[in-house]
Number of protein chains: 2
Amino acid sequence: MGVCWPGMHLTRYTDYSLRVLLYLGTHEERVCSVSEIARAYDISQNHLMKVVHNLGRAGYVSSVRGRLGGVRLAQACEEINIGAVVRSMEEDLQLVDCGSCLIAPACGLTGALNKALYAFMTVLDGYTLADLMKQRGKLARLLDLGVA
Amino acid sequence: MGVCWPGMHLTRYTDYSLRVLLYLGTHEERVCSVSEIARAYDISQNHLMKVVHNLGRAGYVSSVRGRLGGVRLAQACEEINIGAVVRSMEEDLQLVDCGSCLIAPACGLTGALNKALYAFMTVLDGYTLADLMKQRGKLARLLDLGVA
DNA sequence: CTAATATATGTATAAAAAATACATGTATTA
DNA sequence: TAATACATGTATTTTTTATACATATATTAG
Ligand code: SF4
Ligand code: SF4
């Protein structure tokens with residue numbers, strides 16, 4: 001059967017953003033190069049470069065060019081709110097496009113979806129990067145395994 | 001700039017499912033053909049046929065073949081839970097694919113996302129089809145406008 | 001000073017997902 | 001029995017997302 005089976009999901013772009021923050025959070029003491037992070041996770045370095053660049057524009061990381069350059073967190077782990085990160089990475093946080101739907105003026109679904117999305121984001125707003133790193137030691141070990 | 005701008009969203013497939021239910025809900029007194037519904041919303045009849053078929057398999061609508069056939073709700077509007085509908089239409093309700101991520105065993109993000117998704121679905125679980133049809137009169141008028 | 005290395009940035013391509021089109025079968029009834 | 005509506009599988013197109021490629025710019029070790 002060739003049915004198209006759908007799924008609600010975050011883009012990898014956003015997940016990669018969080019992965020970068022997790023990496024930098026476990027290596028706060030130094031700057032890390034994008035290639036190092038890409039190697040750790042075994043993902044596209046080019047793609048990750050843009051992710052990192054965007055994290056920079058959003059103020060989450062600061063970067064140093066040139067030899068021995070790299071990236072580091074621009075804020076403390078405790079200060080980085082996950083909901084805010086997702087909001088700034090997933091530009092278009094509307095669940096459906098009602099643009100060309102003729103019942104939009106009377107549709108009760110839009111309200112329900114907005115409330116649901118609000119609840120979703122509210123949960124994420126309750127987490128900081130530090131909260132996601134409770135198992136910091138294990139995290140560091142896993143990551144270093146990937147780099148090596 | 002050719003950046004890829006992402007978005008978390010429900011598929012149209014799921015939205016179409018809800019649209020069908022809304023249509024049938026406002027025309028409870030008779031069976032409606034798929035072509036009629038497709039015309040109302042100005043969307044692909046073939047696609048909608050599969051949506052409807054699936055709604056049937058999930059028990060939300062019952063269909064009648066042959067001439068003068070069509071589809072109708074198999075349950076009362078008050079009995080059709082929106083969360084349940086979304087769950088049965090969006091097969092893969094996991095937000096990210098952690099399959100090939102090396103930090104999965106120590107990642108705190110998965111838990112946060114699961115909690116967020118749970119909150120999202122819980123809100124939808126609080127709605128029935130009837131709740132989405134508060135403006136039933138206006139809804140019917142808009143829909144008939146599309147069919148004509 | 002300069003070669004090496006890292007980020008910055010835009011474009012092009014590939015891959016994946018989703019939507020739509022097409023084709024054909026089956027059931028119902030006017 | 002012809003018309004019509006659902007059923008079902010395949011193919012194609014479109015859209016989105018991810019990745020690759022190319023080149024510019026900044027920094028510093030040596
Ligand atoms: S949410 Fe309502 S208005 Fe928006 S596209 Fe879906 S049915 Fe139409
Ligand atoms: S949620 Fe955590 S484990 Fe899953 S892919 Fe993202 S970073 Fe990896």
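Letters A, B, ... are given to chains in the order of the sequence lines, protein chains preceding strands, and every chain is numbered from 1.
Here the options are A/Leu129, A/Val51, A/Val85, A/Ile80, the test is side-chain contact (heavy atoms from CB on, under 4.5 Å), and the partner is A/Leu18; only A/Val85 passes.
Of the candidate nucleotides C/dA21, C/dA18, D/dT19, C/dA21 has the atom nearest to the side chain of B/Ser44.
Atom pair B/His53:NE2 and D/dA5:P shows a separation of 19 Å (rounding to whole Å applied). If you measure from atom CG of A/Asp42 to atom P of D/dT19, you get 10 Å, rounded to the nearest angstrom. As rounded to whole Å, 18 Å separates atom P of C/dA15 from atom CG of B/Asp97. Atom CD of B/Gln45 and atom C1' of C/dA19 are 15 Å apart (whole Å). What separates CG of A/Leu55 from C1' of C/dT7 is a distance of 14 Å, to the nearest Å. One atom, CZ of B/Arg12, and another, C1' of C/dA17, lie 13 Å apart when rounded to the nearest Å. Atoms CE (A/Met49) and C1' (D/dT25) sit 12 Å apart, rounded to a whole Å. The distance between atom NE2 of A/His47 and atom P of C/dA14, rounded to the nearest whole Å, is 17 Å.
No donor-acceptor distance shorter than 3.5 angstrom exists from the side chain of B/Asn81 to the backbone of B/Thr128, with no hydrogens or angles considered. In this structure a side-chain-to-backbone donor-acceptor pair under 3.5 Å is missing from A/Arg19 to A/Ile37. In this structure a side-chain-to-backbone donor-acceptor pair under 3.5 Å is present from B/Ser88 to B/Ala84.
Backbone-only contact: B/Gly70 has heavy atoms under 4.0 Å from sugar-phosphate atoms and none from a base. The residue A/Val52 sits apart from the nucleic acid: no heavy atom pair falls under 4.0 Å.
Between B/Ser33 and D/dT4, a side-chain N or O to OP1/OP2 separation shorter than 4.0 Å is absent. Taking 4.0 angstrom as the limit, B/Tyr16 places a side-chain polar atom (N or O) nearer than this to OP1 or OP2 of C/dT20.
Annotation: the span from A/Arg30 atom CZ to A/His27 atom NE2 amounts to 5.0 Å, rounded to 0.5 Å. Rounding to the nearest 0.5 Å places CG of B/Leu109 at 12.5 Å from CE of A/Met133.
No side-chain heavy atom of A/Leu21 sits under 4.5 Å from any side-chain heavy atom of A/Ser17.
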Inset, instruction - Using a 4.0 Å cut-off on protein heavy atoms (strictly under), produce a 5'-to-3' string for nucleotides 22-30 of chain C with B for base contact, S for backbone-only sugar-phosphate contact, and - for none. - result: B---BBBSS
